[in-house]
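Have a look at the structure below before the remarks.
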There are 2 protein chains.
Amino acid sequence: MEHEPGQPPVHNLSAAPGGAGDALRRQPQVSMADVAKLAGVSSQTVSRVSNGSPDVIESTRRQVIAAMNELGYRPNSAARALKRGSFRTIGVITFSLSSLGNMRTLEAIALHAARQDFAITLIPVTAPTQAGIQGAFSRMGELAVDAVIAIMEVHLLDAATVTLPPGVKVVVVDSDAGEQYSVVDTDQADGAHKAVRHLLDLGHETVWHVAGPEESFASERRAAAWRSTLTAAGKPVPPVLRGDWSADSGYKAGLRLADEPGCTAVFAANDHMALGLLRAFREKGKSVPEDISLVGFDDVPEASSYAPPLTTVHQNFADVGNQCVDNVLQQIRTNTTEPGVTLVPTELVIRASTAAPKGK
Amino acid sequence: MEHEPGQPPVHNLSAAPGGAGDALRRQPQVSMADVAKLAGVSSQTVSRVSNGSPDVIESTRRQVIAAMNELGYRPNSAARALKRGSFRTIGVITFSLSSLGNMRTLEAIALHAARQDFAITLIPVTAPTQAGIQGAFSRMGELAVDAVIAIMEVHLLDAATVTLPPGVKVVVVDSDAGEQYSVVDTDQADGAHKAVRHLLDLGHETVWHVAGPEESFASERRAAAWRSTLTAAGKPVPPVLRGDWSADSGYKAGLRLADEPGCTAVFAANDHMALGLLRAFREKGKSVPEDISLVGFDDVPEASSYAPPLTTVHQNFADVGNQCVDNVLQQIRTNTTEPGVTLVPTELVIRASTAAPKGK
DNA sequence: ACCAATCATGTTTGCGCAAACACTAACAAA
DNA sequence: TTTGTTAGTGTTTGCGCAAACATGATTGGT
């Protein structure tokens, strides 16, 4: 077996060139030509080695690699990108990263993309305004990304007259724009359904709901699923309380709910609001789960340390991220744009915040 | 005022070119030459307009911009980077993003960099191993970033034989490697000092400490400051309990602490562990702050909804991020590398989890 | 009217790389 | 032998842009 075909590209060269001297001005980069000269081959051969072409005889390859190491050669990705017309880069547009879910998703995206040798460029959007998004997409264009993953509410995306360079693929997270874009998201409806079903199965007459903000698709879909599950079970649908995802808003909702006589079961649209509810119930002298059962959504790491440990719907953010990358890469490879929705399943994690209602 | 000097670069061109047709293969990008032809000028003039050179007469500029818009021209950043030798990109290396602090810092970095027209490339490191870091830095080299911000424990950085291309600047967060690198970090010691001081001032005999993992510099510095504050006050120094930042580990520590007879005040190295402590104390029948006072660190958004609302040390992650970017940009501009430590102050947020000890 | 000093623009060049093609040597098939 | 055939390598070319320099068109000063 002389030189097996398709050797992996030679990356990861160590040993930077010497002392960089004065290091003012842009250091003359070591180019393929330099390596070629030292190795006594043509620069094209260096290119071939650098790209793992199988058509290089082993001895030559070794010489070239030796020369690369000696000079500390690093491929210049600008030139490479210029020539190839691709940076192997995916742009990720996000609003606030401060939501746990977004961050986890981003992390998974970055990891998964790296695995396939794609880099991630982060384009943060300051304000959820037309201008903000417009600017982000514009920057995208300049950055010559091969694809874009947008982690945001899609109605904002629509509002902006998106002017992506033609040929750039888009995947959207957290939206219902499956007809226009490729969408990947947690199966919100299924998760909410499981949560409500669980409470109903325990024997509760009905389930109250503390929803997230109206602008959030995730919130709206959880609410819709809550409602439809109740309706399907022939249970009354109590009025929706609305929070803003924060523990504080949950606390406020909890204060009201604690005074609601018939309320024995609550489904909070996320764990942080559930935390607020827990606090409110405690202050009002309602114990969980004896007086009121509570289910959250997200399964934040601390959920098991809430008092009591929270029954909640686990979201698999890593999977969402992976799916995004796979989807986008697929689009790049096949050069097609395929709208559609990919749903990532959830899992109900039952802990100590739910029980059968007292009377039963 | 005909044409004021130094007009801002023309970015943000709207109106993508028409229908992209079949859109297979790499779309022939609209180049400066195309714009030049349409505008009836040389491509150099287009370049000048694109870069906001003041040496272009207003009428010409308008023509060029019109042509740009008509064709949907977008500067090709690959070519630009090739020519200029800079991508205007900062690489950010992180381990897990799932820590609140890291993600907040990252967000601030992204926002602040964008403000100065720098892009962010995310380089995630899977495992805290030599190989992992090595790989990340290697990718950095290929990505031709102008600078690197490493959000990680620096001992890992040291362990890797870092081979960054010469001329790339580095800033490290969360480390004490101020002699080698430029370091930006929360003033951990001051924060911990404030926390302990607060408890002492309330009249507690001493303060117990639930530390983070030993590998963490943040954890170690908080612990050191806790110790020195006690010592300076002439108080006994109880043994350190050690957690791993998780609420669960805090819970376990809390179980032990609750049985400790003389323990009336605890300083937890982060809020999540404090949450676990709270739960343990509750289960053990110890009430906070009546029996035991507790201070956390981080000031996570939910801290105010803990039971009771947590007194904690607020970290200004946004500031850390901004400082990182400023620092790195400064290094790029002046082309110098200046080791040193920038400390971002903390703030003690007093809520309901601390009080004077019962006897007093 | 002359020259010089602007100013606005055009021309040439090459950044580093890899696609396309050209070439050579070695060997097999006819 | 001649003619492919292939494997390994070299040569040319141009990606899109902007620095450097060149040119032409205005000015203003004398």
Side-chain angles (χ1 to χ4, degrees), chain A residues 2-7 9-10 25-37 39-64 68 71-88 141-144 165, chain B residues 2-5 7 9-10 25-37 39-64 68 71 73-88 141-144 165:
Chain A
E2 261 299 325
H3 41 90
E4 58 263 281
Q7 305 224 7
V10 173
R25 286 318 73 218
R26 199 134 283 293
Q27 293 77 4
Q29 199 189 319
V30 182
S31 78
M32 289 205 319
D34 302 320
V35 176
K37 201 159 81 182
V41 298
S42 77
S43 60
Q44 182 55 43
T45 299
V46 177
S47 168
R48 281 193 264 259
V49 171
S50 173
N51 289 291
S53 156
D55 298 337
V56 182
I57 208 168
E58 192 52 33
S59 60
T60 310
R61 179 190 306 278
R62 261 199 291 269
Q63 268 176 45
V64 171
M68 283 175 164
L71 297 175
Y73 168 79
R74 292 183 180 271
N76 176 322
S77 56
R80 206 169 228 174
L82 176 58
K83 196 90 210 6
R84 297 212 268 226
S86 159
F87 269 109
R88 289 188 76 78
E142 283 158 33
L143 289 168
Chain B
E2 259 300 326
H3 42 89
E4 57 263 279
Q7 304 225 7
V10 173
R25 286 315 77 215
R26 197 136 284 295
Q27 293 77 2
Q29 201 191 314
V30 182
S31 77
M32 288 204 323
D34 302 321
V35 176
K37 202 159 81 180
V41 299
S42 77
S43 61
Q44 182 56 49
T45 299
V46 177
S47 168
R48 280 193 266 258
V49 171
S50 173
N51 289 292
S53 155
D55 298 337
V56 182
I57 208 168
E58 193 51 33
S59 60
T60 311
R61 179 190 305 277
R62 262 200 289 270
Q63 266 175 47
V64 172
M68 283 175 163
L71 296 176
Y73 168 78
R74 294 184 180 270
N76 176 320
S77 57
R80 204 169 232 175
L82 176 59
K83 196 85 193 46
R84 297 210 270 225
S86 158
F87 271 108
R88 287 188 80 77
E142 286 157 32
L143 288 168

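All chains are named by letter (A, B, ...) in the order of the sequence lines, taking the proteins before the strands, and each is independently numbered beginning at 1.
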**Message:** I'd like to check V56(A) versus Q63(A) (side-chain heavy atoms, cut-off strictly below 4.5 Å). Are they in contact?
**Reply:** no
**Complete:** Interatomic distance, NZ@K83(B) vs CG@L82(A), rounded to 0.5 Å, equals 12.0 Å
Every protein N/O within reach of nucleotides 10-12 of chain C N/O, cut-off under 3.5 Å:
residue, atom, partner, partner atom, Å
dG10(C), OP2, S42(B), N, 2.8
dG10(C), OP2, S42(B), OG, 3.0
dG10(C), OP2, T45(B), OG1, 2.7
dG10(C), N7, R48(B), NH2, 2.9

**Message:** Which helical stems does DNA chain D take part in, if a stem means at least 3 consecutive Watson-Crick or G-U pairs with both distances below 3.5 Å?
**Reply:** C:1-30 with D:1-30
**Prompt:** Have R48(A) and T60(A) got a donor and an acceptor in their side chains that come within less than 3.5 Å?
**Reply:** no
I need the [atom1]-[atom2] distance between [X] and [N], as an integer number of Å.
X: M32(A); N: dT11(D); atom1: CE; atom2: C1'; result: 13 Å
X: I57(B); N: dT27(D); atom1: CD1; atom2: C1'; result: 13 Å
X: K83(B); N: dC17(C); atom1: NZ; atom2: P; result: 15 Å
X: K37(B); N: dG16(D); atom1: NZ; atom2: P; result: 13 Å

**Asked** Between dC17(C), dT9(D), dC17(D), which nucleotide has the shortest distance from any of its atoms to the side chain of P75(B)?
**Response** dC17(D)
**Request:** May I ask you to say what S31(A) touches in the nucleic acid, namely base, sugar-phosphate or nothing, with a heavy-atom cut-off under 4.0 Å?
**Result:** sugar-phosphate
**Message:** Going by the rule side chain to side chain contact (heavy atoms under 4.5 Å, CB included), which residues pair with S31(A) if we only count those two or more places apart in sequence or in a different chain?
**Reply:** A33(A), D34(A)
**Message:** Just N and O in the side chain of N51(B): are any of them under 4.0 Å from OP1 or OP2 of dA18(D)?
**Reply:** yes
